[in-house]
Structures are given as structure tokens and as C-alpha cells.
Amino acid sequence: MNKDKALEELFLAQKPHFDDSDAFMASLTKRLDAVEFIKQHQEAALHRYKMAMVVAFVAGIIGGAVGMVFLLSTPANVPLFTFRIQFIFLQWLSENSRIIVAAALSLLMSVGLISITYNIVDMMNIRARLKGQPLP
């Protein structure tokens with residue numbers, strides 16, 4: 001309670017004064033210009049971010065399609081890679097190479113899609129913050 005009174009007295013004792021309105025307006029204009037510059041910089045960064053996302057999405061789709069076409073165009077009974085060593089783990093890896101590569105490619109594409117979705121939501125939040133709207 002005493003702290004509230006002390007703060008109230010401190011704020012009441014503080015009386016701002018504006019002697020030179022030209023200097024105040026110049027300072028205010030300078031600050032508003034700085035805010036506008038920062039907003040423009042953030043908009044440009046958001047635009048670059050969106051373009052990078054589009055490029056990553058297109059490259060991922062093309063890379064995934066090429067990988068799937070390669071995987072499906074090779075004969076089913078021929079492993080994708082072989083080892084010339086008779087070690088049981090490497091032999092199992094060689095025999096199941098098609099399944100392993102397909103699973104890894106699917107996992108990579110899923111992680112990429114989740115990442116792109118997360119980044120799109122992040123960009124929407126940044127845009128909402130720039131426009132002063134409440135976040136969803």
C-alpha cells in the first residue's frame with residue numbers, strides 16, 4: 001500500500017514541460033521516421049522469408065518427385081545399393097534398401113511439410129504483429 005502511494009506521488013510530482021515545440025516536433029518526426037523504417041525493414045524481411053519458403057517448397061517437391069521416380073523406376077528385386085562384404089547387418093541393409101530409402105524419403109518430405117506449415121503460421125503471426133492485430 002505504501003509503495004502504491006509512493007509511486008503515485010512520484011508520478012504526480014513529475015510534470016513534463018515542453019519549452020520548444022519545434023524541437024519537440026523534430027524529435028517526434030525523427031522517431032516516427034525510425035519506426036516507419038523499421039516497419040519497412042520488417043516487411044522486406046518477411047517478403048524475403050516468404051520467397052525463401054516458396055523456393056524451398058518447390059525444390060522439395062521436385063527433389064521428392066525425382067527421388068520417388070528413381071525409386072519406382074528401378075527393378076523391385078534389385079537392391080538400390082549393395083556391399084561386397086558378407087556382414088549380416090550390411091546384408092540385411094542391402095536386402096531392405098528399397099524400403100529404407102522409401103521410408104527415409106517419406107520421413108524427410110513429412111518433416112519438410114511440417115516445417116513449411118510451421119513457418120507459414122509464424123509468418124502470419126509476424127504479419128499480424130506488424131499490423132497491430134491480436135494474435136490468433
Side-chain angles (χ1 to χ4, degrees):
M1 196 71 147
N2 290 336
K3 289 183 181 180
D4 292 337
K5 284 287 186 190
L7 284 174
E8 184 179 345
E9 290 174 8
L10 181 66
F11 282 121
L12 289 175
Q14 195 69 2
K15 302 227 186 265
H17 60 281
F18 304 106
D19 292 338
D20 191 5
S21 64
D22 292 336
F24 174 73
M25 287 304 291
S27 172
L28 182 63
T29 304
K30 184 178 176 183
R31 289 180 182 167
L32 288 175
D33 289 343
V35 167
E36 187 63 31
F37 174 76
I38 289 171
K39 280 180 108 176
Q40 289 175 353
H41 179 70
Q42 286 179 338
E43 284 288 335
L46 190 61
H47 181 70
R48 285 192 307 269
Y49 192 40
K50 284 198 305 192
M51 292 307 292
M53 288 299 301
V54 168
V55 168
F57 182 72
V58 169
I61 293 294
I62 291 172
V66 167
M68 284 295 188
V69 166
F70 172 73
L71 188 64
L72 295 174
S73 67
T74 57
N77 57 355
V78 176
L80 292 177
F81 49 85
T82 58
F83 301 101
R84 306 228 186 262
I85 300 174
Q86 293 299 323
F87 182 61
I88 194 87
F89 176 72
L90 294 178
Q91 188 176 3
W92 175 84
L93 194 64
S94 173
E95 290 172 358
N96 297 311
S97 62
R98 296 178 68 76
I99 296 171
I100 293 169
V101 169
L105 189 59
S106 297
L107 180 67
L108 185 65
M109 290 178 70
S110 298
V111 168
L113 286 174
I114 290 170
S115 174
I116 287 171
T117 305
Y118 174 77
N119 288 335
I120 288 172
V121 169
D122 192 32
M123 285 188 297
M124 290 170 56
N125 289 339
I126 291 171
R127 176 169 281 155
R129 255 186 268 132
L130 286 176
K131 291 184 179 180
Q133 299 172 349
L135 295 175

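For reference, positions follow the sequence shown, starting with 1.
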- Item | CZ-CE distance between Arg48 and Met51, expressed to the nearest 0.5 angstrom | 12.0 Å
- Could you label the plane-to-plane angle of the Phe87 and Phe89 rings as parallel, tilted or perpendicular, counting under 30° as parallel and over 60° as perpendicular? perpendicular
- Message: Hydrophobic clusters here meaning ILVMFWY residues chained together by side-chain heavy-atom distances under 4.5 Å, can you tell me if Val58 and Val66 are in one?
- Response: yes
- Note on the structure: Distance col, row Gln40:CD vs Asp33:CG, nearest 0.5 angstrom, shows 9.5 Å
- Task: To the nearest 0.5 Å, tell me how far Met109 CE sits from Ile114 CD1.
- Result: 12.5 Å
- Under 6.0 Å from the CG atom of Leu28, do we count more than 12 heavy atoms belonging to anything else shown? yes
- Message: In this structure, would Val101 and Trp92 fall into the same cluster of hydrophobic residues linked by side-chain contacts under 4.5 Å?
- Response: yes
- Message: Quick check: is Leu46 connected to Ile116 through a chain of hydrophobic side chains (ILVMFWY, heavy atoms under 4.5 Å apart)?
- Response: yes
- Task: Determine whether more than 12 heavy atoms belonging to other residues, nucleotides or ligands lie under 6.0 Å from atom CG of Leu32.
- Result: yes
- Does anything in residues 97-120 pair up under side-chain hydrogen bond (donor to acceptor under 3.5 Å, both in side chains), and if so which pairs, sequence neighbours excluded? Tyr49-Asn119, Thr74-Arg98
- Query: Between atom CD1 of Ile99 and atom CG of Leu93, what is the distance when rounded to the nearest 0.5 Å?
  - Reply: 11.5 Å
